[in-house]
Amino acid sequence: MRPLASLTALAALTALFTLTACGADPAADSATGGSGAAKGGTVTVRIPDPGNAGVLARGKQDGSLDEALAAVGAKVAWTGSAGPFAPAAQAMNADQLYFATGSITSGITSLAQNPGFAFFTATDPDPVGEGILVREGSDIASVKDLVGRKVAVNKGGTGEYLLLKALAKEGIPADEVERVYLRPDQTAAVFNAGQVDAWAVWSTYAVAEIGSGKARFLADGSAIGSDNYSLNAVRSDFAKEHPAIVEALYRYLHDNSAKERRDPAAYLNVFTDAGPTAVTGKAKDVQIEFTRKGGTVDPIGPEDIERFRTVARFYADQKVTPGTVDIAAHLLDVESLS
């Protein structure tokens, strides 16, 4: 990706970590004012807990993230847990969270409301880890076979986008397939019980289904032609007050996402290799392969913005949003902060 030549300086700022539950950290509040403003000299950075895998989990475990942030006068307060972007956006707006991760698709639907955040990095669309899942043995052999069927999607996010994009590519009217709106963390049981015929989803949830040998992708991101970038977002006020911290976090994520792509296994089962958060067996092999073929955390370039705009227009055309969201008004040139 090429870095942005120029963007409206901090006019508005926008996705890296996602969360399902988020409450302010009392300890952090006692040490800081709004947007992490330090009273004692150290800025507290509220980030969703990363769980057991990924760059942030490794950084939490080995102390390297603390070290990187200490160099710019900051420390981490792990707040809530990783999950869908919509609640993370709400938490950023409420000054409960300063950074989060999500897709461009969920980002656009959040921007269509009253955003208090901006995007500062982009990771290329996942060619193999997202798509439309069907159960092994299903008689659904192509996207056209979804006509008259039920497909589980998360409303306004990656799942709904992938399904609509796949249907549009095949010239199938969207109303010929029934969308069943479910939270992704509640969908596996419904999918495996046969209550829906397919599930449009991303790697966080697809890995376990494919790894179990009970499901396969009918079409993955590459086949669908997905423009579904993963983005990192920052609370706007925080970025204005602490640009050096935003830049330091970007550098950390960029450098370590490249390391993760080279050695995916080192970023799995960071805290435990047993229990519900561990990835084991065939699922581990699937996750490693997905990560190797994935992208790295990079600055947002002009070519990325054009693809963001394509998604925004598509969502407006599909009536997911009431109009075309001006995505370019909510981007930050992370390499020009300091």
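Here the structure is a predicted model, which is why all the values come from computation and not from measurement.
- Taking CG from Asn269 and CD from Gln287, the interatomic distance works out to 10.0 Å, rounded to the nearest 0.5 Å.
- One distance of note links CD of Glu335 with CG of Leu337; it measures 9.5 Å at 0.5 Å rounding.
- Here the closest heavy-atom approach between residue Ile305 and residue Ala328 is recorded as CG2-CB, 4.3 Å.
- Side chains of His254 and Asp298 form a contact here, defined as non-hydrogen atoms less than 4.5 Å apart.
- The distance from atom OG1 of Thr44 to atom CG of Leu69, rounded to the nearest 0.5 Å, is 10.5 Å.
- Here ring pair (Phe, Tyr, Trp, His ring centres under 6.0 Å) pairs that include residues 266-294, with residues two or more places apart or in two chains, number zero.
- Here the side chain of Thr291 pairs no donor or acceptor atom with the backbone of Pro264 at under 3.5 angstrom.
- In this structure, Ser257 and Val297 approach most closely via the heavy-atom pair OG-N, 3.0 Å.
- Listed by chain and number, the residues in a side chain to side chain contact (heavy atoms under 4.5 Å, CB included) with Ser212 are Lys214 (sequence neighbours excluded).
- Judged as a side-chain hydrogen bond (donor to acceptor under 3.5 Å, both in side chains), and not counting sequence neighbours, Lys282 has no contacts.
- Checking Tyr161 against Gln318 by side-chain atom types alone, no donor-acceptor pair falls below 3.5 Å.
- A pairwise comparison of heavy atoms in Ala112 and Val325 identifies CB-CG2, 3.9 Å as the closest pair.
- Scored by the salt bridge (charged side-chain N to carboxylate O under 4.0 Å, His left out) test, Arg292 finds no partners at all (sequence neighbours excluded).
- Thr280 is not listed as a side-chain neighbour of Asp273, based on a closest heavy-atom distance of 4.5 Å or more.
- Looking at residues two or more places apart in sequence or on another chain, you find no side-chain hydrogen bond (donor to acceptor under 3.5 Å, both in side chains) involving Arg261.
- Between the side chains of Tyr98 and Arg235, no donor-acceptor pair of N or O atoms lies under 3.5 Å.
- Residue Leu332 comes nearest to Ala239 through the heavy atom pair CD2-CB, 4.4 Å, listed as atom of the first residue, atom of the second, then distance.
- The closest donor-acceptor contact from the side chain of Thr121 to the backbone of Pro299 lies at 3.5 Å or more, if one exists at all.
- Contact check for Ser110 versus Phe85: side-chain heavy atoms found under the 4.5 Å cut-off.
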Without placing hydrogens or testing angles, list every side-chain donor-acceptor pair under 3.5 Å for residues 132-143, not counting sequence neighbours.
from   : atom 1 : to     : atom 2 : distance (Å)
Arg135 : NH1    : Phe191 : O      : 2.7
Arg135 : NH1    : Val196 : O      : 2.8
Ser138 : OG     : Ile140 : N      : 3.0
Asp139 : OD1    : Arg149 : NH1    : 3.3
Asp139 : OD1    : Arg149 : NH2    : 3.2
Asp139 : OD2    : Arg149 : NH2    : 3.4
Ser142 : OG     : Lys144 : N      : 3.4

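- No side-chain N or O of Ser230 forms a donor-acceptor pair with one of Ser103 less than 3.5 Å apart.
- The closest side-chain heavy-atom distance from Thr324 to Asp317 is not below 4.5 Å.
- Formation of a donor-acceptor pair under 3.5 Å by the Glu289 side chain with backbone atoms of Asp285 is not found in this model.
- The distance from the CD atom of Gln113 to the OG1 atom of Thr321 is 11.0 Å, given to the nearest 0.5 Å.
- By the salt bridge (charged side-chain N to carboxylate O under 4.0 Å, His left out) test, Glu260 pairs with no residue at all, sequence neighbours left out.
- Side-chain contact annotation: Asp227 with Thr310, donor-acceptor N/O pair under 3.5 Å absent.
- Side-chain contact between Val311 and Ile327 is absent, with no heavy atoms from C-beta onward closer than 4.5 Å.
- For the pair Thr187 (side chain) and Arg183 (backbone), a donor-acceptor distance under 3.5 Å is present.
- Side-chain atoms of Asp49 and Lys60, non-hydrogen and from C-beta on, do get closer than 4.5 Å to each other.
- Within 6.0 Å of atom CD in Glu67, 12 or fewer heavy atoms from other residues, nucleotides or ligands are found, so the atom counts as exposed in its surroundings.
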Name every donor-acceptor pair, under 3.5 Å, that has one atom in a side chain of residues 217-225 and the other anywhere in the protein, sequence neighbours excluded.
from   : atom 1 : to     : atom 2 : distance (Å)
Asp220 : OD1    : Ser222 : N      : 3.2
Asp220 : OD1    : Ala223 : N      : 3.0

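- Asn192 pairs by the side chain to side chain contact (heavy atoms under 4.5 Å, CB included) definition with Ala188, Glu209, not counting sequence neighbours.
- Taking all atoms of both residues into account, the shortest heavy-atom contact from Pro115 to Asn93 is C-OD1, 3.6 Å.
- Hydrophobic clustering keeps Trp78 apart from Val270 (ILVMFWY residues linked when any side-chain heavy atoms are closer than 4.5 Å, directly or through intermediates).
- A centroid separation of 6.0 Å or more is found between the aromatic rings of Phe99 and Tyr250.
- Between atom CG of residue Leu164 and atom NZ of residue Lys169 there is a gap of 15.0 Å, rounded to the nearest 0.5 Å.
- In this model, no donor atom of one side chain and acceptor atom of the other lie less than 3.5 Å apart for Asn228 and Ser226.
- Annotation: the span from Glu247 atom CD to His242 atom NE2 amounts to 15.0 Å, rounded to 0.5 Å.
- Taking a cutoff of 4.0 Å between a charged side-chain nitrogen and a carboxylate oxygen, Asp326 and Arg309 do not qualify as a salt bridge.
- Pairs passing the ring pair (Phe, Tyr, Trp, His ring centres under 6.0 Å) check and including a residue from residues 121-155, sequence neighbours excluded, do not occur.
- A salt bridge between Glu303 and Arg307 is absent, with no side-chain N of the basic residue lying under 4.0 Å from a carboxylate O of the acidic one.
- One N or O on the side chain of Asn154 and one on the backbone of Gly159 form a donor-acceptor pair closer than 3.5 Å.
- For Ala70, the side chain to side chain contact (heavy atoms under 4.5 Å, CB included) test picks out no residue, with sequence neighbours left out.
- The closest donor-acceptor contact from the side chain of Ser106 to the backbone of Gly157 lies at 3.5 Å or more, if one exists at all.
- With 3.5 Å as the limit, one finds a donor-acceptor pair spanning the side chains of Asp304 and Tyr229.
- Relative orientation of the Trp202 and Tyr205 rings is perpendicular, given thresholds of 30° and 60° on the angle between their planes.
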For a salt bridge (Lys or Arg N to Asp or Glu O under 4.0 Å) check, start with the C-alpha distance between Lys150 and Asp197, then their side-chain angles and the critical distance, and finish with the verdict.
CA-CA 5 Å; Lys150 296 180 179 180; Asp197 301 293; over 6 Å; no
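- Of the possible polar contacts, one joining the Thr79 side chain to the Ala77 backbone as a donor-acceptor pair under 3.5 Å is found.
- Side-chain atoms of Val147 and Asp145, non-hydrogen and from C-beta on, never get closer than 4.5 Å to each other.
- Proximity of Leu331 to Phe308: side-chain heavy atoms (C-beta onward) are separated by under 4.5 Å at one or more points.
- Across all their heavy atoms, Ala206 and Val201 have their closest contact at CB-CG1, 4.0 Å.
- Qualifying side-chain hydrogen bond (donor to acceptor under 3.5 Å, both in side chains) partners for Tyr252, counting only residues two or more places apart in sequence or in other chains: Ser64.
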